[in-house]
Amino acid sequence: MEVGSSLTPHPSSLGMLSLESLTAGYGGAPALCEFSLQVASGQIAAVIGPNGCGKSTLLRCVAGLVAPSGGRVRLDEDDVALLPPRERARRVALLPQHFVGGDELSVEAMALLGRTPYLAPYGAPSPHDCAVAARALQATDAAGLSGRRVAQLSGGERQRVMLARALAQQPRVLLLDEPTSNLDIRYQYEILDAIRRLARSENLAVVLVLHQINLAAAVADVMALLNSSGTTRACGTPEQVMTQENLEAVYQTPLIVAAHPQSGRPQARSAWVFQ
């Protein structure tokens, strides 16, 4: 992946994303309880855990879409919840698991939607906005898709374009909710490889939610494992989090954990044997 110039306005000024004792939910018992995590620029944090443990709620809190009932999100010294919506959208980009609409748009128009926080109401994109969107498509290896409609794209191609849309916001924090969902092995690798490269080249603090725990361990600098109750079971390096004891306690299934023969990263497989 070659990027003509950095998409990040001021890479040298980037600092730390801090999640401090976040508690959040939608009425009743909280979906997420007392969650804390720090992610530096250039790092990938992967959050794993069973269905319903608060992973998506966590991302929505960081994006400012859900107000936490406790704790806070800080980017450097700024409380993200107190930022004006336009400023927050310039600093934090969220790639949701499902994006509804936009099938009729061209690839270029979809990427340009990422420039919305920089445009005046009803304002047209400037040449600079178009150049930023074009660089974002190039950065995600999606420039070759230009001229096509979103509806014509495969799942993997569409995901690269949606990632470009998020990058066109020129964020400092990139949030990704199941970016490999419904993709085959090749596209899973390509998306995660793009995310890994972009985290480094653009100095992004990345928070990634994945169900595929082995993929998470393969790409993450730091991991957090949530219990079904939304509490934190473990947080640290993949080696500290991906232990047999931790994973069996959370997923309630027998597992075997061993180092990958090439990367050395921990990988888990089922210990079930069908008779």
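Just so you know, these numbers come straight off a predicted model, no measurement behind them.
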- request: Indicate the atoms forming the closest heavy-atom contact of I195 with P179, along with that distance.
  value: CD1-CG, 4.2 Å

message: Return the OG to NE2 distance between S181 and H211, rounded to the nearest 0.5 Å.
response: 7.5 Å

field: Exam field: side chain Q159 to backbone G156, donor-acceptor pair closer than 3.5 Å
entry: no

query: Checking T232 side chain against L226 main chain: does a donor-acceptor pair fall under 3.5 Å?
result: no

field: Stepwise side-chain contact (heavy atoms from CB on, under 4.5 Å) test for V209 and L59
entry: CA-CA 8 Å; V209 163; L59 294 186; 3.7 Å; yes

message: Donor-acceptor check, side chain of N246 to backbone of V241, threshold 3.5 angstrom: yes or no?
response: yes

task: Report whether M223 and L210 are members of the same hydrophobic cluster (ILVMFWY, side-chain heavy atoms less than 4.5 Å apart, transitive linking).
output: no

message: Any non-hydrogen side-chain atom of L208 less than 4.5 Å from a side-chain atom of D177?
response: no

- prompt: Near Q97 CD, under 6.0 Å, is it more than 12 heavy atoms from other residues, nucleotides or ligands?
  reply: yes

Worked verdict on L225 versus L247 for side-chain contact (heavy atoms from CB on, under 4.5 Å): CA-CA 8 Å; L225 173 61; L247 296 178; 4.2 Å; yes

- request: Any chance you could measure C53, atom SG, to N227, atom CG, to the nearest 0.5 Å?
  value: 8.5 Å

task: Please examine the side chains of P266 and T243, heavy atoms only from C-beta on, and report whether any two atoms are closer than 4.5 Å.
output: no

- request: Provide the closest heavy-atom pair for G71 versus L22 in the form atom of the first, atom of the second, distance.
  value: C-CD2, 4.0 Å

query: Counting only N and O atoms by type, is there a donor-acceptor contact under 3.5 Å from the side chain of S263 to the main-chain atoms of H260?
result: no

query: Does D78 come within less than 4.0 Å of R88, counting only side-chain N to carboxylate O?
result: no

Heavy-atom side-chain proximity of I191 to R160 below 4.5 angstrom: yes

Heavy-atom side-chain proximity of R265 to E239 below 4.5 angstrom: yes

message: If hydrophobic clusters are built from ILVMFWY residues whose side chains come within less than 4.5 Å, do L37 and I213 share one?
response: no

- prompt: Side-chain contact, heavy-atom cut-off 4.5 Å: R91 with P171?
  reply: no

- prompt: Taking Y251 for the side chain and G49 for the main chain, is one N or O donor matched with an acceptor at less than 3.5 Å?
  reply: yes

task: State whether the side chain of Q240 and the backbone N or O of T237 hold a donor-acceptor pair below 3.5 Å, judged by distance alone.
output: yes

- prompt: What are the two closest heavy atoms between P125 and L112, and how far apart are they?
  reply: CB-CD2, 4.0 Å

field: Single-linkage hydrophobic cluster L174~L113, side-chain heavy atoms < 4.5 angstrom
entry: yes

Q170 side chain reached by V132 side chain, heavy atoms, under 4.5 Å: yes

query: Is a side-chain N or O of R90 found less than 3.5 angstrom from the main chain of Q169, in a donor-acceptor match?
result: no

query: Thinking salt bridges, do D76 and R172 make one under a 4.0 Å N-O criterion?
result: yes

- prompt: Rounded to the nearest 0.5 Å, what separation is found between the OH atom of Y118 and the CG atom of D129?
  reply: 9.5 Å

query: For V207 and I44, what are the C-alpha separation, side-chain angles and deciding distance, and is it a side-chain contact (heavy atoms from CB on, under 4.5 Å)?
result: CA-CA 6 Å; V207 183; I44 296 175; over 6 Å; no

message: Please determine whether residues L145 and M110 belong to a single hydrophobic cluster, defined as Ile, Leu, Val, Met, Phe, Trp and Tyr linked transitively by side-chain heavy-atom distances below 4.5 Å.
response: yes

field: S126 side-chain N/O to H128 backbone N/O, donor-acceptor pair under 3.5 Å
entry: yes

- request: Please name the pair of heavy atoms, one in Y187 and one in S154, separated by the smallest distance, quoted to 0.1 Å.
  value: OH-OG, 3.7 Å

- line: Smallest heavy-atom separation, C235 atom then S36 atom, equals SG-O, 4.3 Å

- prompt: Cluster question for you: counting only ILVMFWY and a side-chain heavy-atom cut-off of under 4.5 Å, with indirect links fine, are V173 and V73 together?
  reply: yes

field: V150 versus S106, closest heavy-atom pair with distance
entry: CG2-O, 4.2 Å

message: Check this for me: D184, atom CG, are more than 12 non-hydrogen atoms of other residues, nucleotides or ligands nearer than 6.0 Å?
response: yes

message: With rounding to the nearest 0.5 angstrom, report the OH to CZ distance, Y26 to R60.
response: 5.0 Å

Approximate separation, where rounding is to 0.5 Å, of D141 CG and L163 CG: 10.0 Å

message: If we check salt bridge (Lys or Arg N to Asp or Glu O under 4.0 Å) with D103, which of these qualifies: R158, R149, R148?
response: R158

message: I'd like to know whether V92 forms a side-chain contact (heavy atoms from CB on, under 4.5 Å) with L83, so could you lay out the CA-CA distance, the side-chain angles of the two residues, the decisive distance to 0.1 Å, and finally the verdict.
response: CA-CA 11 Å; V92 181; L83 293 174; over 6 Å; no

- request: Apply side chain to side chain donor-acceptor pair (under 3.5 Å) to T180 and Q212, showing your working.
  value: CA-CA 9 Å; T180 59; Q212 300 104 320; 3.1 Å; yes

query: Between the main-chain N or O of L183 and the side-chain N or O of Q188, is there a donor-acceptor pair closer than 3.5 Å?
result: yes

field: Point-to-point distance, once rounded to the nearest 0.5 Å, from OG of S18 to CG of D79
entry: 11.0 Å

- request: Could you check if a side-chain atom of N214 sits within less than 4.5 angstrom of a side-chain atom of M242, using non-hydrogen atoms only?
  value: yes

query: Between the side chain of R233 and the main-chain N/O of A224, is any donor-acceptor distance below 3.5 Å?
result: no

task: For residues E248 and P254, determine if any side-chain heavy atom of one lies less than 4.5 Å from a side-chain heavy atom of the other.
output: yes

